[in-house]
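Naming convention: chains lettered A, B, ... in sequence-line order (proteins, then strands); numbering from 1 in each chain. Just so it is clear, the structure is predicted and the values come from calculations on it, not from any experiment.
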Amino acid sequence: MTEPNYWLMKSEPDAYSIDTLKNDGVTLWDGIRNYQARNFMRKMNKGDKVFFYHSNCKPPGIVGLMEVIDLNIVDPTQFDQDSKYFDPKSKPDNPRWDCVKVEYKFKSDKILSLPELKILFNEDELLVVKKGNRLSILPVRNDTAKILLEKI
DNA sequence: GCCAACGTTGGC
DNA sequence: GCCAACGTTGGC
C-alpha cells in the first residue's frame with residue numbers, strides 16, 4: 001500500500017464550489033488551460049487526496065477534501081464550441097488538454113483561510129501562500145498535508 | 001476596482 | 001530565440 005500524494009486545486013466558488021461538489025458527489029476537473037497545471041494532473045495517481053481551495057472570494061482558503069478516482073481523461077470542453085474552454089487549436093486526434101475525475105470526501109466545518117495558512121506555513125511548506133502564485137493546481141508536501149488534515 | 005505577477009502570443 | 005504587448009489570475 002503506497003502513500004497517497006497530496007495536491008491543492010483552486011476553484012472560484014462562483015464557478016464551482018465545495019457545495020456544488022458535495023451535491024454532485026463526483027466531478028470532472030475540466031477547463032484547465034495551463035500547461036503546468038495540466039502536467040501536475042498528469043502526475044496524479046488514483047487515491048491521491050486533494051485540498052479544495054476557494055479562490056477569488058472573501059476569504060480565500062481551504063474548504064474541504066476530495067480524492068482522485070480517475071486519470072487521463074480527455075477534457076471534453078476543449079472541443080465544445082459553446083464552452084468558454086473551447087480550444088480551436090486542439091485536435092481530436094491529438095487532444096491538448098486532459099483532466100482527472102475527483103470524488104467529494106468532506107467539507108470543512110469552517111474555512112481554513114489564506115491568512116491562517118500564512119501563519120501556519122511558509123512558502124516552501126505550502127506553495128499557495130506564495131505571493132503571486134496563480135497556478136490553480138499545486139502539489140502539497142506530505143508533511144504539510146498531515147498538518148492540514150488535522151486542521152480542516 | 002486596482003494592480004502585481006505571471007503566462008502566452010507573435011513579430012522580428 | 002528574444003522580448004514587448006497583451007491577457008489573466010487572484011489577493012487586497
Side-chain angles (χ1 to χ4, degrees), chain A residues 5-24 27-44 48-68 71-145 147-152:
Chain A
N5 293 314
Y6 295 93
W7 309 88
L8 180 146
M9 300 205 293
K10 302 178 187 174
S11 180
E12 299 189 12
D14 287 348
Y16 195 89
S17 73
I18 185 77
D19 290 318
T20 315
L21 177 63
K22 184 177 183 179
N23 189 55
D24 290 349
T27 195
L28 220 52
W29 207 263
D30 55 17
I32 298 300
R33 294 294 179 269
N34 173 287
Y35 288 105
Q36 258 184 288
R38 183 203 66 181
N39 292 344
F40 279 135
M41 277 199 293
R42 289 181 173 178
K43 287 184 167 180
M44 290 179 182
D48 283 1
K49 301 291 193 294
V50 184
F51 297 97
F52 195 131
Y53 181 96
H54 276 176
S55 66
N56 213 355
C57 57
K58 291 176 292 188
I62 292 172
V63 292
L65 194 76
M66 33 193 184
E67 180 177 326
V68 177
L71 310 169
N72 302 316
I73 302 160
V74 174
D75 183 340
T77 63
Q78 66 194 307
F79 304 124
D80 177 1
Q81 296 204 20
D82 297 327
S83 170
K84 64 185 250 192
Y85 300 117
F86 175 65
D87 183 353
K89 293 178 186 166
S90 185
K91 301 295 168 217
D93 59 345
N94 185 24
R96 183 177 294 200
W97 307 107
D98 45 64
C99 56
V100 295
K101 190 181 279 185
V102 291
E103 182 182 70
Y104 172 82
K105 299 304 279 186
F106 62 83
K107 177 184 175 180
S108 311
D109 292 331
K110 74 180 259 311
I111 186 168
L112 187 51
S113 73
L114 181 58
E116 293 174 281
L117 292 170
K118 284 180 173 171
I119 292 167
L120 290 167
F121 304 105
N122 66 35
E123 62 182 50
D124 291 324
E125 293 164 333
L126 185 65
L127 290 168
V128 80
V129 307
K130 195 172 182 176
K131 190 190 172 202
N133 198 327
R134 306 181 319 169
L135 255 196
S136 65
I137 299 179
L138 296 165
V140 175
R141 270 168 50 168
N142 213 278
D143 52 348
T144 300
I147 298 168
L148 277 175
L149 286 171
E150 293 171 6
K151 308 251 179 209
I152 64 172

Q: Output side-chain donor-acceptor pairs under 3.5 Å for residues 124-131 of chain A, partner residues at least two apart or in another chain, one line each.
A:
{"residue": "A/Glu125", "atom": "OE1", "partner": "A/Asn122", "partner atom": "N", "Å": "2.9"}

Q: Are A/Asp143 and A/Arg141 ion-paired here, with the side-chain N under 4.0 Å from a carboxylate O?
A: yes
Q: Could you tell me whether A/Phe52 and A/Trp7 have their ring centroids closer than 6.0 angstrom?
A: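 Aromatic pair excluded; centres sit 6.0 Å or further apart.
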Q: As a quick check of understanding, evaluate side-chain contact (heavy atoms from CB on, under 4.5 Å) for A/Tyr104 and A/Asp24, giving each step before the final call.
A: CA-CA 8 Å; A/Tyr104 172 82; A/Asp24 290 349; over 6 Å; no
Q: State, to 0.1 Å, how close A/Phe51 and A/Met66 come at their nearest heavy-atom pair, and which atoms those are.
A: O-CE, 4.5 Å
Q: Mark yes or no for whether A/Lys10, through its side chain, and A/Leu135, through its backbone, hold a donor-acceptor pair below 3.5 Å.
A: yes
Q: What integer distance in Å separates A/Leu114:CG from C/dT9:P?
A: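 In whole Å, C/dT9 P and A/Leu114 CG are 18 Å from each other.
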Q: Which residues, if any, of residues 51-58 of chain A bring a heavy atom under 4.0 Å of DNA chain C?
A: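 Within this stretch, A/Tyr53, A/Ser55, A/Asn56 sit under 4.0 Å of the strand.
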Q: Starting at OH of A/Tyr6, measure out to CG of A/Leu65 and round the result to the nearest 0.5 Å.
A: 8.5 Å
Q: Taking A/Asp75 as the fixed residue, which of A/Arg33, A/Arg96, A/Arg38 is the one that meets the side-chain hydrogen bond (donor to acceptor under 3.5 Å, both in side chains) rule?
A: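 Result for side-chain hydrogen bond (donor to acceptor under 3.5 Å, both in side chains) with A/Asp75: A/Arg33.
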Q: Could you write nucleotides 2-8 of chain B as a row of B, S and -, 5' to 3', where a protein heavy atom under 4.0 Å of any base atom gives B, of only sugar-phosphate atoms gives S, and otherwise -?
A: --SBBSS
